[in-house]
Every structure is written in C-alpha cells, then in structure tokens.
Amino acid sequence: MREAYHEELDAISEGLVEMANLVGSAIGLATTALLDADLQLAESVISADAKVDDLQRDLENRAIAVLARQQPVATDLRRVVTSLRMSADLERSGDLAQHVAKLARMRHPQRAVPRDLRRTVLEMGQLAQRLMAQAAEVIITQDVKAALQLEQDDDRMDELHRVIFQHLMDEKWQHGVETAVDVTLVGRYYERFADHAVSVAHRLIYLVTGEHTDELPPPGQ
C-alpha cells in the first residue's frame, strides 16, 4: 500500500513535468507562428492546448483521490497541495501560448509584430521557453538553488518588456494604433508566461523548504 501511495505521488509530479514541457514547446511554436505569420503552425498550437487542459484535469483528479484515500500529512500533504497550485500556473501558461498563436491567426497573412521589434519578440519567446524548461527541471530535481536562479533569469524578461514600451512610447512610432495594441498584448503575454514559470519555482522552494521565497535568507548566508 505504501509503495502504491508513493507511485501516486510520483505520477502527479510526472504530470507536472509533462505539462511544463508541453507549454514550453507551445510558447516556442507560437513565437515562430507569430513572427513568420504561419497560420498552420498557429492552428496547431491553439488545438494542442486541449492536451494541457486534459492533463490538468487528470492531475487534479489524482490529487483529490490521494487526499481522499491517503489523507497525507506534513511533507506529503504539502506536495499534493503545491502540485495543484503548480498545475494551475502551467495551465495558465498554456493559455498564454495559445493567445500568442491566436494573435498570429487573427493578423494572418500579415505579421502582427513590426520589423523593428521582431528581434525583441524573438528573444522574449526564446527566453519564455527556456524559463519553462528550467521550471520542468526544478520539478524533477527539487533543486532550490536552481529555482532561485530561475527568478534571477526572469529579470531579462522584464528588461525586454520595458524595451517594448520604449518603442511604443517613442514619438517615431509609425505603425498605427492596431499594431500598438497587438505589440502591447504580445509583451504582456510573454511577461506573464515567465511569471508563471517563476511561480512554479517559488512553489517548489516552498515544497522543499517549507518556507516561502521571501522568508529565505539572502544568498550566501
């Protein structure tokens, strides 16, 4: 019985890793669809989000079953509850990738992102994918140091988000209101996606240490 119990807990963690890998791939593909005005690729990202939703429902059902049958306490209870919260972050990340793909579809055959911002948006997409890959890795390894590093790596996303706004506020902006709205949304989608990856890392830190990130001592102490 004890072995089956731990297999159930492991299955929940494996589901989280699968979700993280799926949404990480989705944001990468959505970025390509957005920058290349690739309608077929955009449609594939949009339809694939159903798999992420299914995984979240399955994970929730597994977690509820563990709570009902096993009545976990202490670390095991924290693991189940934290997993539920992680799954919500990952599901929302999938929605954000889908939003990027929907914008690509809406503007097709035109490109939603003007040429002078393509490099910035490409870096945002690559960084979002990398941060989510790091989130998947910390779920597997439960490495608190790596989880803290993920938060630091997210600083670059904030910098890129500011670059977007600097372009929008520049008096030389000549791409019109509609494109300004599109670019504002795109920047927000990537920034929020990265925030969810950081949130997963924060929840992992709580799972391992029992403390929230702001309660930990500064690095080096």
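We number each residue from 1, following the sequence as shown.
Scanning for side chain to side chain donor-acceptor pair (under 3.5 Å) contacts around Arg57 gives Asp54, with sequence neighbours left out. Residues passing the side chain to side chain donor-acceptor pair (under 3.5 Å) test with Asp195, sequence neighbours excluded: Arg192. Scored by the ring pair (Phe, Tyr, Trp, His ring centres under 6.0 Å) test, His99 finds Tyr189 as partners (sequence neighbours excluded). When the side chain to side chain donor-acceptor pair (under 3.5 Å) test is applied to Ser83, no partner is found at least two apart in sequence or on another chain.
Within 6.0 Å of CZ in Arg78 there are more than 12 heavy atoms belonging to other residues, nucleotides or ligands.
No hydrogens or angles considered: nothing links the side chains of Gln166 and Asp170 as a donor-acceptor pair under 3.5 Å. Side-chain polar atoms of Asp38 and His108 form no donor-acceptor pair below 3.5 angstrom.
Using a 4.0 Å cut-off between a side-chain N of Lys or Arg and a carboxylate O of Asp or Glu, Arg105 and Glu43 qualify as a salt bridge. Ion pairing of Asp10 with Arg79 is present here, as a side-chain N (NZ or NE/NH1/NH2) and a carboxylate O approach within less than 4.0 Å. A salt bridge is absent between Glu123 and Arg130: the closest approach of a Lys/Arg side-chain nitrogen to an acidic carboxylate oxygen does not fall below 4.0 angstrom.
Residue Leu41 belongs to a hydrophobic cluster whose other members are Leu29, Val45, with links defined by side-chain heavy atoms closer than 4.5 Å.
Side chain of Glu151 to main chain of Val198: no donor-acceptor pair is present (N/O by atom type, distance under 3.5 Å, no hydrogens or angles). Between the side chain of Arg111 and the backbone N or O of Leu35 there is at least one donor-acceptor pair closer than 3.5 Å. Proximity of a side-chain donor or acceptor of Thr179 to a complementary backbone N or O of Gly176 within less than 3.5 Å is not detected.
Nearest heavy-atom pair across Leu16 and Ile139 is CB-CD1, 4.1 Å.
Of the options Val186, Ile27, Leu185, a side chain to side chain contact (heavy atoms under 4.5 Å, CB included) to Val100 is made by Ile27 and by none of the others.
Within the 4.5 Å cutoff, side-chain heavy atoms of His196 are placed close to those of Leu96.
Listed by first and then second residue, the salt bridge (charged side-chain N to carboxylate O under 4.0 Å, His left out) pairs that reach into residues 174-186 are Arg107-Glu178, Arg107-Asp182, sequence neighbours excluded.
Note that CG of Asp53 and OG of Ser87 are 11.0 Å apart. Values are rounded to the nearest 0.5 Å.
Side-chain rings of His161 and Phe165 approach one another, their centers coming within less than 6.0 Å.
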